Amino acid sequence: MQRMVNNPDYAVEDMLKGFVKVHSDILVGTENPRVLKYKDAPVKGKVGIVTGGGSGHKPAFAGYIGRNMVDAVAVGEIFSSPTAKAFFDAFKEADSGAGIACLYGNYAGDNMNVKMAMKMAEMEDITVKTVVANDDVASAPKDQPEKRRGVAGEIFMWKVGGAKAALGGTLDEVIAVAQKAIDNTKSVGVGLAPCTIPSVGSPNFQIEPGTMEVGIGHHGEPGVKVMPLGTADEIAEIMTDIILPDQPFMSGDEVVVLVSGLGATPVMEQYIVYNRVEEILAEKGIKVHRSYVGNYFTSLEMMGVTLSILKLDEELKELVDMEVDTMGLKQFKY
Amino acid sequence: MQRMVNNPDYAVEDMLKGFVKVHSDILVGTENPRVLKYKDAPVKGKVGIVTGGGSGHKPAFAGYIGRNMVDAVAVGEIFSSPTAKAFFDAFKEADSGAGIACLYGNYAGDNMNVKMAMKMAEMEDITVKTVVANDDVASAPKDQPEKRRGVAGEIFMWKVGGAKAALGGTLDEVIAVAQKAIDNTKSVGVGLAPCTIPSVGSPNFQIEPGTMEVGIGHHGEPGVKVMPLGTADEIAEIMTDIILPDQPFMSGDEVVVLVSGLGATPVMEQYIVYNRVEEILAEKGIKVHRSYVGNYFTSLEMMGVTLSILKLDEELKELVDMEVDTMGLKQFKY
Amino acid sequence: MESFKNQDGKRIVENLIKVIQENRDYLSKIDGEIGDGDHGINMNKGFSICQERIEGKDMNLTEAFKTLAMVLMTEIGGSMGPLYGTMFIEMAKQSKGKEEIDKEVFRQMLASAIKEIQEIGNAKVGDKTLMDTLIPALEAYEAAMDEGFATALEKMSAAAERGKDSTIDLVAKIGRASRLGERSRGVLDAGATSCWLMLKSMADSMVQMV
Amino acid sequence: MESFKNQDGKRIVENLIKVIQENRDYLSKIDGEIGDGDHGINMNKGFSICQERIEGKDMNLTEAFKTLAMVLMTEIGGSMGPLYGTMFIEMAKQSKGKEEIDKEVFRQMLASAIKEIQEIGNAKVGDKTLMDTLIPALEAYEAAMDEGFATALEKMSAAAERGKDSTIDLVAKIGRASRLGERSRGVLDAGATSCWLMLKSMADSMVQMV
Ligand SMILES: Nc1ncnc2c1ncn2[C@@H]1O[C@H](COP(=O)(O)OP(=O)(O)O)[C@@H](O)[C@H]1O
Ligand SMILES: Nc1ncnc2c1ncn2[C@@H]1O[C@H](COP(=O)(O)OP(=O)(O)O)[C@@H](O)[C@H]1O
Ligand SMILES: [Mg+2]
Ligand SMILES: [Mg+2]
Ligand SMILES: [Mg+2]
Ligand SMILES: [Mg+2]
């Protein structure tokens, strides 16, 4: 395992120390070492945006803390849900009295810990409402949305929810629009090589060289099929074939597209995949309003990409276009 | 080779197509398919900032095109200098009559192609001056600066030169401050795993598992020594031991620190290394004014990091802090 | 009547810690087959923190379970934080104020733990989770209570093992592995395995004490 | 006197292209030992583009060399763009207007190419570059000119091979590999190898024609 850590069991602690040092212009640590918050949080009168999840997905989750996006984040072990206490403390750090929108991904551990944290919050009269991201089309059939995982599409949910909150939206308005964002987002992943949790020391799943796993999850959860490794164009076609019918996305739609590397796939190749994705969308009359390519939501040093497509309406477009200043996503508005 | 390409010989072409689509808010293609430029270039009355180099280093080089940074970039094959023609065309695209600062890295191919491009420019009365980055301390002894390679420290040279040009600096002023930035920058790389050029199909160098190569170059050029793989803290110590005496950086200095991943090393680990780097600097009385951690200058899917440290003075500080909007580096100024 | 003193019970938790530490890599390996490979790491980290917290302190079983539960719930997260945190907080609650732990007290501890875990996790027998260990263990324990505390504990332990083994043939219906469908069949469930290790350890410790 | 027609010379370039295409992987492998492994790819890409440009066209040697040079200089980059671009542009220049290519014309072509390459690249014999192939090749050619064009070409080819082989024992003083110091000893230089392949191919083609 060619990796740079100290005691692998404390990789997350060590990472957080460096992270807070580098990004002190945006975020700060809190009393709970597993909770980071926007330096100006709680923002007076603003709905607090909270998320959280396992580590190993940088920039997710803490990298999306910042102006017009996320206010506080609960940080878990690598690939493991944060504690209920961490979610609860994140609620407290982000709460200015306007309530908390907890926007997180659909994983068993996160569901349980958020549920327990909400019980704790109730006792302190903090109003918390949730949106549970389930954009990963390959993780369950369309009629079982409660089984679908949240993947890179969560970024759209945070972007849109954070923008709405910054514009003064009420908790219900923020929740409604974040829910709309994730309902309108479909994602799929393709894995080319596995990743290794440093404290485990060897990959906990395998992808045979010469093959790829279509529908892979952010922790290496197996996909829907293992296929011979395709060209970038073929991979783009396979992914769009899975995503487009699921919404369905149709001629005349305007969308935001996110191709995120899973960690070790060169950014160069992500652009090659994106190029074909946009061609396919153009062929179908779907217009790309905005796109993102890069390592936006990773899985340590896994190889592969996720593709996420968000269908816009006027409200979502305005919120997606809003200026944002986080470590993982910076966007100027001229 | 678990990679996502089409015809590997045309990976750069395919990448550029996607790149221009995604970043149409910042940059545009030009008549020469191997030259990209800032959408507003040439900016009237402004010195044009041009760079260029081999591909495979994303976000470098084209990712630093944008407001207050680079105006035009010549794009080479993977790990191979752009053509003289591409450099020349980039000069033309960036020239508004105020002259061109060509800020590039010290590699044989780039040196030759820039030299030939400057001859072409002369014939068209375009004034071109150059700064040749040579920040890589491990690539030659201090008394042979002409043999030292340019690595991630080039980003500081572009940032500072671009800011000076945006503030209305003359060509000589831009060249002087870019030269100062690179003279004040020392870098070193540590490699943990090799990379593969897609059209070659297998790594062109090896790093034995359990070892690391100290002083490795951006194309896998061998370093100064091969050692047993250290912890993140040890790696930070080895790198600072090489860099700090070379300037030398001293107590009271203010610096900018850049830890860049080489491609496949999880960002998490880059923060772990950074954490120890900042501790070491603090122990020595060196103050970090600003820091960057992430995949800022990569080598396909190589594992490892580079560390670059820039010693500031008041002029450099102002230029480093200036707002910038490129794909690879976005910075708000409040 | 067979029983042991709450005051002497700390060693039960100490043994639990030891067993988890010894099985760190084994549990991660099992989790790696159809999960994400971190089960042993998560468990080991939590139990080792608990070890530091109770070391050298004068504590009874209730307090030791409570310490373990708080560590799991506030410092571990994952699925195990809430699930096992709930388990041990219930064991602490049901033993609280009892000077002697007899077979009826332990029945309440186990039953209450299982009820609350089910409340939060919504898993049932056959879903390929730790419930496949817990539910048959409780049934076996209750059925054998007439034969004495020690026997009931031994039968609980044996039933837990069978329950754990039963997960091999199951298709996961809950948690990460549930997305695998048929591909999750043929391997043990990690949570069911750690749960068996813990029930067995508790039974062994208690049998020695009663 | 031995000579061949400029008009018939296109096949010399066609053969050059073939030889580079056939040695694409070999050249990259050599470059990979102490360079960055792209030499064969760069060369193959340039020469293959040239192939498309000259295919089916009626061209003399001068025009074919010029096409090759322009492709290398404007579409290939790397070190080879300027170095080999310069080489072939000089070969085009020196053959321009000559209906017959005789041993003196070729001498001028080769000498002028080497002079200009040295001008841009600043390498000398012993630096472990393509100069180690070129300089002895020219020397051998000039020394053998009295023995006739064909013999001179054959001796040039043989000297180029020895020059290429001499790079094995050299420490690189220029280019990427120069940073390796002693570690660059023991392997061929990629540019010296491609240069030998090209001189050999040119000599073979010309010998058949004179
Ligand atoms: N809802 C649930 N109810 C009961 N047990 C569960 C539930 N979800 C998961 N588990 C158990 O958790 C185990 C996995 O634990 P662990 O690997 O530590 O957490 P994670 O799945 O978050 O990585 C599974 O083997 C299963 O036994
Ligand atoms: N200054 C120079 N003069 C002559 N030959 C050179 C010079 N620099 C490099 N070379 C030749 O170029 C070869 C490498 O070419 P190539 O791999 O295509 O380019 P790059 O080094 O840019 O990857 C070396 O083997 C060497 O023979
Ligand atoms: Mg986990
Ligand atoms: Mg090269
Ligand atoms: Mg797990
Ligand atoms: Mg090379």
Side-chain angles (χ1 to χ4, degrees), chain A residues 1-7 11-12 14-19 21-22 55-56 58-59 67 78 190 192-193 195 198 207 209-210 212 229-233 235 263-276 278 288 291-295 298 300-301 303-305 325 327 330-332, chain B residues 1-7 11-12 14-19 21-22 55-56 58-59 67 78 190 192-193 195 198 207 209-210 212 229-233 235 263-276 278 288 291-295 298 300-301 303-305 325 327 330-332:
Chain A
M1 187 188 58
Q2 294 300 85
R3 306 284 287 283
M4 301 186 304
V5 291
N6 298 311
N7 180 341
V12 175
D14 289 349
M15 179 268 289
L16 288 174
K17 277 188 236 162
F19 192 77
K21 286 191 178 109
V22 173
S55 292
K58 278 269 148 313
R67 185 164 60 91
I78 295 180
V190 171
L192 270 63
C195 60
I207 298 174
M212 61 183 181
L229 177 57
T231 64
D233 283 356
I235 292 171
T265 280
V267 177
M268 172 170 216
E269 293 165 29
Q270 300 169 31
Y271 282 103
I272 298 178
V273 170
Y274 176 82
N275 183 54
R276 182 67 192 133
E278 187 171 320
V288 178
S291 53
Y292 304 94
V293 173
N295 294 318
T298 62
L300 296 172
E301 86 294 10
M303 281 195 150
V305 291
D325 186 12
M327 167 250 166
K330 288 186 204 285
Q331 204 165 285
F332 284 88
Chain B
M1 187 189 56
Q2 293 299 88
R3 307 284 286 284
M4 302 186 303
V5 290
N6 298 312
N7 181 340
V12 175
D14 288 350
M15 178 268 288
L16 287 174
K17 278 187 235 162
F19 193 77
K21 286 190 178 110
V22 173
S55 292
K58 279 270 148 310
R67 187 164 58 92
I78 294 181
V190 171
L192 271 63
C195 60
I207 298 174
M212 60 184 182
L229 178 57
T231 64
D233 284 356
I235 292 171
T265 280
V267 177
M268 172 170 216
E269 293 165 29
Q270 302 170 29
Y271 282 103
I272 298 177
V273 171
Y274 176 82
N275 183 54
R276 182 67 192 134
E278 187 170 320
V288 178
S291 53
Y292 304 94
V293 174
N295 294 319
T298 61
L300 295 172
E301 86 294 12
M303 281 195 151
V305 292
D325 186 13
M327 168 249 165
K330 287 184 203 285
Q331 204 166 283
F332 283 88

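Just so it is clear, the values below take in all heavy atoms, side chains as well, and ignore hydrogens, waters and symmetry mates. As the structure is a computational prediction, the values presented were derived from the model and not from experiment. We name chains A, B, ... by the order of the sequence lines, and we start the count at 1 in each one.
Interface check for chain A: of the options Y274(B), Y292(B), F19(B), the most heavy-atom pairs under 4.5 Å are formed by F19(B). Considering only heavy-atom pairs separated by less than 4.5 Å from chain B, the leading option among L16(A), L192(A), T231(A) is L192(A). For chain A, the option among G230(B), G294(B), A11(B), A193(B) with the highest count of heavy-atom pairs below 4.5 Å is A11(B). Each of Q2(B), M303(B), M1(B), E278(B) has some count of heavy-atom pairs under 4.5 Å with chain A, and the biggest count is that of Q2(B). No other option in R3(A), K58(A), E301(A), K17(A) has as many heavy-atom pairs under 4.5 Å with chain B as R3(A).
Neither the backbone nor the side chain of N7(A) comes within less than 4.5 Å of any heavy atom of chain B. In this structure, no portion of R276(A) lies under 4.5 Å from any heavy atom of chain B. When heavy atoms are compared at a cutoff of 4.5 Å, V273(B) approaches chain A solely by way of its side chain, counted from C-beta outward.
Using a 4.5 Å heavy-atom cutoff, the side chains of V267(A) and M15(B) are not in contact. The shortest distance between side-chain heavy atoms of M268(B) and V12(A) falls below 4.5 Å.
One side chain, N6(B) or D233(A), offers a donor N or O that lies under 3.5 Å from an acceptor on the other.
Rounded to the nearest 0.5 Å, atoms CG (D14(B)) and OH (Y271(A)) are 14.5 Å apart. Between atom NZ of residue K21(A) and atom OG of residue S291(B) there is a gap of 10.0 Å, rounded to the nearest 0.5 Å. Rounding to the nearest 0.5 angstrom, the gap separating the CG atom in L300(A) from the OG1 atom in T265(B) is 11.0 Å.
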Q: Start with the C-alpha distance between M4(A) and V190(B), add both sets of side-chain angles, then the distance that settles side-chain contact (heavy atoms from CB on, under 4.5 Å), and finish with yes or no.
A: CA-CA 10 Å; M4(A) 301 186 304; V190(B) 171; 5.7 Å; no

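Classified by interplanar angle (parallel below 30°, tilted 30° to 60°, perpendicular above 60°), the ring pair F332(A)/F332(B) is parallel.
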